[in-house]
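No experiment lies behind these values; they were computed from the predicted model shown.
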Amino acid sequence: PRDAFEQYRCGGVDCAALTDACACWSEAACRWADGTCGDDAARGTCAAKVDLVVLLDGSGTMAKPFGHHPQGFHAAVETLKLWVEAMPLTGGAAGASAAAAAASEGNRVAFLQFSGRYGTDEPDVAAAPGTDGRFSGDRAELAADLSWHEQNFMAEQTYVKEGLERAAALFADAPAGRDRVLYVISDGQFDDRHEIAAAADRLAAQGVEVYGIVLENKDEDPDVNVAAVDSMRALATAPHHVANLDMDHLAGGDAQSLHPSGPLQARCDPRDAFEQYRCGGVDCAALTDACACWSEAACRWADGTCGDDAARGTCAAKVDLVVLLDGSGTMAKPFGHHPQGFHAAVETLKLWVEAMPLTGGAAGASAAAAAASEGNRVAFLQFSGTWGTAEPDVIAAPGSVGTGGRFSGDAAELGADLTWHEANFMKKQTYVKEG
């Protein structure tokens, strides 16, 4: 699937030489249409429409080495240049009209640097004179902006409030119909963290999704990283919108995949218990090849013909699934770029629930009703415990809140269950028998 940060590029494959639909779809550079395989890039870029503000920490601690990168700020800027090279953009320069931006596919980006010094009148946010910190969809303009920031590293303290206010002003003038996303990239705790609530509330009211990237410096005191994560989580739209990354992962897909956007493009993949395809306006009946049919998200092959998936119902999976999640204390540690393992696992399970074809039946439905229903039912249980106590080693969300630990095919019920588990992390030893 394409996302806001990626478009497929031709990798030297001769798409036109591929005469089989499935062989065509299996190549990222190719796309099957009208009985032939063609170059994907020639068929249009990603339809993502994102207005993205990147707030980059320009404080003095970013001058330190980060792993094998001798200077953190320059490494971050060079990584952002790679983002700009790969990202599908509108092509429009800074200052384009709101109407032109609204009609354009692709992304627009604004880069701002934040830092500052306590007790001075100097601004705590800096923008390159090229775009003046405005949204641009022009690759050359954005690259020039980043080169300016590289030459104008603020190297002071970590004040983010003015940067957030500047971002909110940008979004206030942005047209409707485009996703609004803010990435805040920092290595430390915000010095003005007790003064940013109003700016954060304004961004939330504007419908801006706020994502935080904490740059992890393994040579730094771990407590500094924990404080930075806590500071960022207070700002982000949701706990799972914060990633704890080393500099190499900032350049990789981990940072870019925080905000997936744009059309999902199905390949020749079998359906399973966790996925169902959604209708996208394709004329399924015109497809006479099974693989070409399955490669369209809206279609389903059955009895030698291709038909609209919505008309055939959801996935025919009928699974009763119990998920036993470890709630022991070790799950509180960071896992890779996730600052806290248990919360990351619960947020991932929420994504499962959102994507999974469910029966629709609430907890407590009769066995006969469950047997007759297509789709899945799920039960979530958390296990942990303390040796030698009478306390239970397994817990379930109570029926007053969720399912009572019973099978449910209701997405809202299951989401409530997981939210309850997130708030009731056991944090004890690892006892699974009762679970």
What closest approach, in Å, do [X] and [Y] show between heavy atoms, and which atom pair accounts for it?
| X | Y | result |
| --- | --- | --- |
| Thr403 | Asp417 | OG1-OD2, 2.6 Å |
| Ala167 | Val53 | CB-CG1, 4.0 Å |
| Leu18 | Cys37 | O-CB, 3.3 Å |
| Pro175 | Arg108 | CD-NH2, 3.5 Å |
| Met62 | Ala76 | CE-CB, 4.3 Å |
| Asp410 | Gly360 | OD2-O, 4.1 Å |

Main-chain N/O of [Y] paired to [X] side chain as donor or acceptor, under 3.5 Å:
| X | Y | answer |
| --- | --- | --- |
| Gln189 | Thr158 | no |
| Arg139 | Val84 | yes |
| Ser231 | Ala227 | no |
| Glu141 | Ala94 | yes |
| Gln157 | Ser115 | no |
| Asp124 | Lys161 | no |
| Thr237 | Val210 | yes |
| Arg178 | Ser104 | yes |
| Arg134 | Thr131 | yes |

Rounded distance (nearest 0.5 Å) linking atom [atom1] of [X] with atom [atom2] of [Y]:
| X | Y | atom1 | atom2 | value |
| --- | --- | --- | --- | --- |
| Arg193 | Leu235 | CZ | CG | 13.0 Å |
| Leu182 | Gln206 | CG | CD | 10.0 Å |
| Leu52 | Asp179 | CG | CG | 10.5 Å |
| Leu414 | Phe407 | CG | CZ | 11.0 Å |
| Leu146 | His74 | CG | NE2 | 13.0 Å |
| Lys350 | His421 | NZ | NE2 | 11.5 Å |

### Message
Any carboxylate oxygen within less than 4.0 angstrom of a Lys/Arg side-chain nitrogen, looking at Arg202 and Glu165?
### Response
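Result for this pair is no, no salt bridge flagged.
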Quick one: does [X]'s side chain get under 4.5 Å of [Y]'s, heavy atoms only?
| X | Y | answer |
| --- | --- | --- |
| Leu358 | Val378 | yes |
| Val346 | Leu325 | yes |
| Glu195 | Phe190 | no |

Please determine, by modelled atom types, if [X] and [Y] share a side-chain donor-acceptor pair under 3.5 angstrom.
| X | Y | result |
| --- | --- | --- |
| Asp326 | Ser328 | yes |
| Ser408 | Glu413 | yes |
| Lys49 | Thr90 | no |

### Query
Which pairs, with at least one residue in residues 128-151 and sequence neighbours excluded, count as a ring pair (Phe, Tyr, Trp, His ring centres under 6.0 Å)?
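Qualifying pairs: Phe135-Phe171.
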### Task
Give the C-alpha distance, both sets of side-chain angles, the deciding distance and a yes or no for side-chain contact (heavy atoms from CB on, under 4.5 Å) between His241 and Met232.
CA-CA 9 Å; His241 286 188; Met232 195 70 82; over 6 Å; no
### Message
According to ring-ring contact (aromatic ring centres under 6.0 Å, His included), who are the partners of Phe342, at least two apart in sequence or on a separate chain?
### Response
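ring-ring contact (aromatic ring centres under 6.0 Å, His included) check on Phe342 returns Phe425.
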### Message
My understanding is that only one of Val125, Leu164, Val54, Asp145 makes a side-chain contact (heavy atoms from CB on, under 4.5 Å) with Leu112; could you say which?
### Response
Val125
### Query
After noting the C-alpha distance and the side-chain angles of Phe111 and Leu55, does the key distance pass the side-chain contact (heavy atoms from CB on, under 4.5 Å) rule?
CA-CA 6 Å; Phe111 291 112; Leu55 270 178; over 6 Å; no
### Task
Using the side-chain contact (heavy atoms from CB on, under 4.5 Å) rule, take Lys64 and Gln71 through it: C-alpha gap first, then chi angles, then the decisive distance, then the call.
CA-CA 5 Å; Lys64 295 180 181 178; Gln71 210 259 31; over 6 Å; no
### Task
Check the angle between the aromatic planes of Tyr211 and Tyr183 and answer parallel, tilted or perpendicular using the 30° and 60° thresholds.
tilted
### Task
Could you walk me through whether Arg180 and Asp51 pass salt bridge (Lys or Arg N to Asp or Glu O under 4.0 Å), step by step?
CA-CA 5 Å; Arg180 299 177 172 196; Asp51 280 346; 6.0 Å; no
